[in-house]
Amino acid sequence: MSALPDPRPRLVALGRLFYERRWMWATAGNLSARADPDSFWITASGLSKGELAPDDFLRIELASGRVLEGPPGHKPSAETAIHRAIYQTQAGAGACLHGHSVEAVLASRGRDPVVLPRVEMIKALGVWDDGTPTALPVFTNHPDVTSIGQAVETFLRDHPRPLPALIVRDHGVTAWGQSISEALRHYEAVEFLLALLARGF
Ligand SMILES: [Zn+2]
């Protein structure tokens, strides 16, 4: 399989950014990007994302979910199931970013779906005044994260042109894009819009 440029150095920098933006408290959240069409690199479980090193990543086979490559002693986060569901259903997805922000928890309370406000920032999601729905799907949080992954996969198979993001209630945002830069733009925009909702907009 044709390998893509190694995304790990960029993901290390992004981990620092997410930590400093207060989107990845404690060791929460995970960042991934495709290594090639059949596998992706994802942050190892249990590490502060503000202090990642380039070898703190595992390469996961898309079809099976098994670890193909990575440093000994590290294991993938259970949330890898959500990343897999996205790569398996979104052919154009090249990167997937998941954080745990205060705003996402507040905005997901009592809303299903979460309808993002149609303010200027919505353009960053490729949406403006063309009538495209701005509803982000909300998934129930569950201790067994594989079941969240299955729910995400089912939703995305049933909705061929979703917004490039979703929310797990009381938990956080996941956003994706063709590239790391595009996924970051989507993620930042969603956090901005959720911050408005959390402040009563
Ligand atoms: Zn999470």
Side-chain angles (χ1 to χ4, degrees), residues 7-8 11-34 40-52 56-60 62 65 67 70 74-90 93-114 116 136-156 162-177 180 183-184 186-195 197-198:
R8 288 174 289 178
L11 293 175
V12 167
L14 214 54
R16 207 172 303 122
L17 176 78
F18 270 55
Y19 184 79
E20 287 169 359
R21 293 274 186 93
R22 302 158 82 87
W23 295 334
M24 283 184 156
W25 299 77
T27 61
N30 21 72
L31 308 171
S32 73
R34 279 191 201 264
F40 62 94
W41 288 107
I42 188 164
T43 43
S45 181
L47 303 174
S48 168
K49 305 310 181 295
E51 300 176 340
L52 290 173
D56 290 336
F57 293 83
L58 301 161
R59 190 162 69 87
I60 308 294
L62 208 44
V67 177
H74 284 299
K75 59 183 175 55
S77 161
E79 293 179 337
T80 301
I82 299 173
H83 294 247
R84 264 184 79 211
I86 289 162
Y87 290 122
Q88 285 185 303
T89 57
Q90 308 299 300
C96 184
L97 313 175
H98 168 65
H100 293 195
S101 68
V102 171
E103 288 78 10
V105 171
L106 291 172
S108 69
R109 285 250 150 169
R111 292 183 174 92
D112 186 7
V114 170
L116 298 173
L136 279 189
V138 178
F139 297 87
T140 303
N141 200 21
H142 198 282
D144 173 17
V145 185
T146 55
S147 70
I148 307 175
Q150 284 162 2
V152 168
E153 184 174 344
T154 300
F155 176 89
L156 291 175
L163 288 177
L166 58 87
I167 295 180
V168 180
R169 179 174 290 108
D170 295 348
H171 180 154
V173 172
T174 301
W176 59 92
I180 292 174
L184 174 60
H186 293 158
Y187 189 94
E188 282 195 279
V190 169
E191 286 288 358
F192 177 96
L193 296 164
L194 295 181
L197 294 177

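Just follow the structure's listing: the first ligand is 1, and inside any ligand the first atom is 1.
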So how many protein N, O or S atoms does the Zn ion (ligand 1) have within less than 2.8 Å?
5
For Arg21, is there an ion pair with Glu191 - N to carboxylate O distance below 4.0 angstrom?
no
Identify, with sequence neighbours excluded, every residue that meets side-chain contact (heavy atoms from CB on, under 4.5 Å) alongside Ala198.
Glu103, Leu106
Do you know the tightest heavy-atom contact between Ser77 and Asn30?
OG-ND2, 3.3 Å
Does Tyr87, at its OH atom, have more than 12 non-hydrogen atoms belonging to other residues, nucleotides or ligands within less than 6.0 Å?
yes
If you apply the rule side chain to side chain donor-acceptor pair (under 3.5 Å), what do you find for His171 with His100, and how did you get there?
CA-CA 6 Å; His171 180 154; His100 293 195; 3.0 Å; yes
Criterion ring-ring contact (aromatic ring centres under 6.0 Å, His included) against Tyr187, the qualifying member of Phe18, Trp176, Phe192:
Phe18
